[in-house]
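Notes for the one structure printed next.
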Amino acid sequence: MVRADSERSAAAAAGPAPGAPLARLRQVAITHDEAHVATPASVTFDVSPGEVVLVLGPSGSGKSTLALALNGLIPHAFPASIAGTVSIDGVDTTEATVASLSTHVGMVFQDPDAQLVTGTLLDEVAFGPENLKLPVADVLARAETALRRVGLWERRTENPDRLSGGGRQRLAIACALAMGSPLLVLDEPTANLDPRGIDEVYAALGDLVAAGDRAVVLVEHNLDAAIGFVDRVLVLDAAGRLIADGPVDDILRHRADELHRLGVWLPHSALAALRLRAAGYRLDPLPLTPAELQDALETAPARAIPRPVARAVDDRRGQDPVVTVRGLDLRRGRTDVLHDVDLDVRRGEFVAVVGANGAGKTTLVQAIAGVIRPPRGTVHVGGEDISRVDPRRLSSRIGFVFQNPEHQFISHTVFDELAHGLRRANLDESQVRRRVDELLERFGLADKADAHPFLLSGGQKRRLSVGTALVAGAPVLALDEPTFGQDRARADELLRLLADLRDDGTTILVVTHDMQLVAEHADRTIVVDAGRIAADGPTSEVFSDDALIERAGLRMPPLRRALRGLSSHPELDGVARLADLPGGAT
Amino acid sequence: MTEPLTIPQAQTTPVPVDPYAALRPASPIRFLYGINPLAKLLAPLPAMALLVFVRDITTPLVFVALTYIVLLVGVSFTRRLTALLLLVPVAAVVMGLGFAIWTDSSGVDHSIVLWQIGGWTMYGGAMLVGLATGARVAAIVSLALIVGLSTTGPDLVRASVQQLRVPYRIGYTALAAFRFVPRFGYELDVIRQAHRVRGSHGGRGPIAALRRWVGYIVPLLAGAIRHAERVALAMDARAFGAYPDRTERHLVPFRTRDVVFIVVFLAVSAAVFAATFPWVLA
Amino acid sequence: MRAERYAGQVSTGSRLSTSVLLTCAAIGVATGVVSAGAGAVSGVVSAAVPVLYGLVLGVHVLPGVIAQVLLRMPWVALISHLLAALVASAFVPPWIGRYIGTAILIGGLQELIAATGRYRRWETWRYFVSAVIVGVVLAVPIALVADLGRFEPWAQVVYIAMFIVGPVAWSAAAVAIGEALRRTGVGRTARRR
Ligand SMILES: Nc1ncnc2c1ncn2[C@@H]1O[C@H](COP(=O)(O)OP(=O)(O)OP(=O)(O)O)[C@@H](O)[C@H]1O
Ligand SMILES: Nc1ncnc2c1ncn2[C@@H]1O[C@H](COP(=O)(O)OP(=O)(O)OP(=O)(O)O)[C@@H](O)[C@H]1O
Ligand SMILES: [Mg+2]
Ligand SMILES: [Mg+2]
């Protein structure tokens, strides 16, 4: 915490000795203020120039924390203490300032909005070099190079607000590039982007890596997109210890089972391959991308496995619609967001709503849930016009889970948060207590009953928000992006919970960008494109229309991409769900 | 800060007012845009301060008239300008009437009776006192419009940094904070929706409304501060505050014309005050 | 002891961290919502019931008190006010001068009061003392503009009283909000140094 003497940092800025690591971490353990254990707990590795390193680990293992330590934000700007040493170009980060380290390590964070400071793209990229007191000509030269590399130079005079989510994230990458740092650290840069935005960001990153002049440390849950250009993988376990460090092949291909058990995401193709292996297919080495999976299957010896029975149509599902939407037009502010939407959802269905960023998905489900009031007579839930339901009784008709759980918390303890809906229904206090205890148990929050909802972990907040939407016993539940930012174990847990609810007869509507989730769980998929329903039908049918998927800015679920048009294994052709693969539960 | 899940939607609604947009003078005669924001801020200050002590109606009216001339010449003619120029006198008259009603009638001229309701009389003297107050407020407000209508927030911030030596870290924090406005507005909307859906504090009437609003404050502020902390990390990661100063690409110079503007403004103000002394109602 | 102090100064450069500045900005902007509401009604109030104006004007104590309760640091009140004013003026440029004047006046007073406790004592009563002083200081020039001497005597009393009651009541609200925010765990990053 002592400011580096300027000579030292000046010497370091002159660049690394050839072959020396850019970053050198030795037994790094980081403890957040007010936390009891260190996450990460013990991490030792080097990053060399030009390397692309992927960091994996379950939620809470300390990946983001580690990222913050790489440029000295920990310990200098963030309330956490660090043991062990992090040195960047030979300078211990505790001895240098964040500002001097920023010329060595560029950062890109998750939320593009939280990285914007100025009013135009050009000013934004110039912000860092200006802080470094570079001459104006250099500032402009750097800004131009950086903007060109991410393909945004033409739009330099615009307000960053006007970019799409993917565009803003590319801008954040340009800003990091303009710092001139040889190491770039990205923490979940694509969470919450639509598939096209993700592709954009990874295309920009791919170009960067191909140029070979920057090393990259990438924290990412979505491996399907990232796997293409990663050299090396680091894995943290739940306690934040480094348990694997090596080339992609060694780690992802050879230790996939172990990683899977840890609860981290693997590429969907690898997940599928694990299952197929269990069913006796010879898939060696383990394929990681849809293309590899397809190739591997084509060469694998054929097996006499009967085509798995397609899941029988669920007969618990009634035929009567619980939700009907007729001629719904909706304006928000000055934009027409929805145009003439017609829609039916039957009791017990699991419906996915997909579409590009800004297509109107959130608006649609919010109108259905009465969160924003639709025009009279356009939306009926359980036979009642939702626009006329008293807001106080709304939650017993349809529950809505907001994208950011914090927005919907209204009490000071977890217990009160759940009890709120019951107390409103005038249940007596002993009944309230019983119901709430039941729910706390079910959601694994029993030991957090007295905690402030804002102090829960991300996954716990999400579960609590689902709990609050459920407690009033609504027969329909709508969720906006429920799994984003979750690790695989948490996402699975949430989806199991939804499946259980569905088995109990609850109708479920989910907005999501995760196409594999849609393929796995949704009976039906609704594609929203520029405020209109572009498609509405059984999930498998929707995904069989390539042109539609392309037009709506979506992507095929990875498994489907891998297994389509397979010539050698007829039993696998067209399978889209992991659960439908032979091999049973992994 | 690093909790995984709490990132609000990556998209906020488009900003209705772009606080960063530059103001472009339509023609050279619209001279106010070319004056340094600080000159425009400071030049009217003495007049505004002195107006506080003025009691007559002529002095403020002269200032209103002078300001209107400066504005009509100095800034582009827009609908907003027209609206404001119309609004100020109307508001002044309304306010004047209001003040007239509250004026203690014992101390005013009783020679003219405007109207009588029951035992209560509105005297011409009281009306004059009220209208003088209205005119005073109108003068102060329109003097403030000189800087207000011809300056952008970012330029004011830059001028404060470049001339007033306001620490640039504070100035640039303000620039970053302009983005908070639409973002928090959007978050407030979502919080209101969420609370409504949860059926919190239903009911009509001012008490219920008040309780509802009280319920929004803490989530809004907590979300706002979390967001601010993230922005701070992103700024630190880009060397914000590395040196006591930073490269400045947008210069807001303080030139001879700014001095001339201030001097002329002060001279005219002084002349008006001198002419209308002792600033009391007839 | 002296060496320790010196080290502390070197590490922070005796300046506020970026997260303190941005936290203040967030408080300023978020309370700006309330001030905007107050601004909207203030015209009506000062025309219809000018004696209650103090009650409305009192909201302007919010940013400083919330910042001080949450962060307990020097300068945060003044900076919250200043940033709120700068941001507000970008959106409602006509009032630039007014915003900045009010910010410096109220924020500066709140700083002065906190400075008397050497920024180490943060008992709640201090906020109320500063509220009363703010009320008095605001009441004087505004009374002059409004020509208070011409009001009915009882109206004069109410008018002045409201200038005290307003800031005190809003300070009480701000203290409650600040405490509630502490319970949510925000501001730890900024409070660190
Ligand atoms: N500001 C904070 N204060 C206290 N503890 C924190 C804070 N931020 C994170 N933690 C804790 O530190 C641990 C590591 O968090 P971190 O955010 O680094 O995990 P992560 O691996 O990035 O998880 P995810 O995949 O969910 O993003 C977690 O147990 C988390 O609860
Ligand atoms: N409150 C609002 N005022 C004005 N326009 C709005 C508002 N909310 C959303 N919009 C606009 O409506 C359109 C649809 O927004 P919506 O949030 O429904 O999209 P989405 O499909 O959920 O996108 P994402 O995938 O990014 O969450 C967008 O263009 C958005 O800018
Ligand atoms: Mg993380
Ligand atoms: Mg959405």
Side-chain angles (χ1 to χ4, degrees), chain A residues 59 64-65 71 73 77-78 98-99 102 107 109-120 126-128 130-134 136 139 159 161 165 175 179 191-193 333 357-358 369 371-372 391-392 394-395 400 402-410 420 424 454 457-458 461-462 468 485, chain B residues 1-16 18-21 154 172 175-176 178-179 182-183 187 190-191 193-203 215 219 222-223 226-243 245-250:
Chain A
S59 195
S64 302
T65 311
N71 77 336
L73 284 171
F78 194 81
V98 176
S102 71
M107 301 288 284
F109 299 95
Q110 190 178 44
D111 180 0
D113 268 3
Q115 303 174 63
L116 296 175
V117 184
T118 64
T120 67
F127 179 77
E130 285 173 351
N131 287 331
L132 294 172
K133 278 183 75 172
L134 297 180
V136 173
V139 170
N159 189 321
D161 284 341
C175 292
M179 300 302 294
N192 222 16
L193 298 187
N357 284 130
V371 176
I372 44 183
R392 277 173 293 180
L394 204 57
S395 55
F400 189 86
F402 283 79
Q403 191 167 340
N404 179 347
E406 278 185 11
H407 284 147
Q408 72 190 86
F409 295 153
I410 49 186
H420 176 84
R424 296 199 57 79
F454 279 66
S457 81
K461 278 182 200 157
R462 173 51 79 196
T468 58
Chain B
M1 137 78 212
T2 60
E3 291 122 40
L5 228 214
T6 54
I7 311 299
Q9 251 164 322
Q11 100 194 48
T12 47
T13 48
V15 209
D18 185 352
Y20 302 97
Y172 274 81
L175 285 187
F178 290 161
R179 293 207 168 277
R183 162 103 180 192
E187 292 223 338
V190 179
I191 291 168
Q193 289 170 347
H195 284 207
R196 198 168 71 82
V197 175
R198 303 240 6 234
S200 75
H201 317 304
R226 277 176 210 278
H227 179 72
E229 287 174 348
R230 290 189 192 112
V231 177
L233 285 186
M235 289 169 75
D236 278 336
R238 285 155 71 192
F240 184 59
Y243 298 98
D245 59 345
R246 69 196 291 279
T247 307
E248 190 52 78
R249 285 187 307 123
H250 299 276

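So you know, we letter chains A, B, ... as the sequences are listed, proteins then strands, and number each from 1.
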(request) State, with a plain yes or no, whether a side-chain heavy atom of A:D161 is found less than 4.5 Å away from one of B:R183. (result) no
(message) Show, in sequence, the C-alpha distance, side-chain angles and deciding distance for B:R226 and A:F454, and conclude whether the side-chain contact (heavy atoms from CB on, under 4.5 Å) test is met.
(response) CA-CA 11 Å; B:R226 277 176 210 278; A:F454 279 66; 3.5 Å; yes
(message) Testing the basics here: between A:F78 and B:L233, what is the closest heavy-atom pair and its distance to 0.1 Å?
(response) CD1-CD1, 3.9 Å
(message) Looking at A:V371, is its backbone amide N or carbonyl O close enough to the side chain of B:R196 to form a donor-acceptor pair, meaning the two atoms are under 3.5 Å apart?
(response) yes
(request) Could you have a look at A:G128, A:A126, A:A114 and say which one has the most heavy-atom pairs with chain B under 4.5 angstrom? (result) A:A114
(request) Calculate, to the nearest 0.5 Å, the distance between atoms CG and OH belonging to A:N131 and B:Y243 respectively. (result) 10.0 Å
(request) Say whether, by atom type as modelled, one donor and one acceptor occur between the side chain of B:T247 and the main chain of A:V136 under 3.5 angstrom. (result) no
(request) May I ask you to name which of A:M179, A:E130, A:M107 has the most heavy-atom pairs under 4.5 Å with chain B? (result) A:E130
(message) Please check: side-chain N/O of B:R179 versus main-chain N/O of A:T118, any donor-acceptor pairing under 3.5 Å?
(response) yes
(request) Output, in order, the C-alpha distance, side-chain angles, deciding distance and verdict of side-chain contact (heavy atoms from CB on, under 4.5 Å) for B:H227 and A:D111. (result) CA-CA 9 Å; B:H227 179 72; A:D111 180 0; 4.3 Å; yes
(request) Indicate the ring-plane relationship of B:Y172 and A:F127, choosing parallel, tilted or perpendicular according to the 30° and 60° boundaries. (result) tilted
(message) Under a 3.5 Å distance rule, please check whether B:R238 uses its side chain to pair with a backbone N or O of A:Q115 as donor and acceptor.
(response) yes
(request) Would you mind checking which part of A:L116 comes under 4.5 Å of any heavy atom in chain B, side chain (CB onward), backbone (N, CA, C, O), both or neither? (result) both
(request) Determine yes or no for a side-chain-to-main-chain donor-acceptor pair under 3.5 angstrom, with A:N71 supplying the side chain and B:A237 the backbone. (result) no
(request) Go through B:A228, B:G223, B:A222, B:A239 and name the one with the most non-hydrogen pairs under 4.5 angstrom from chain A. (result) B:A239
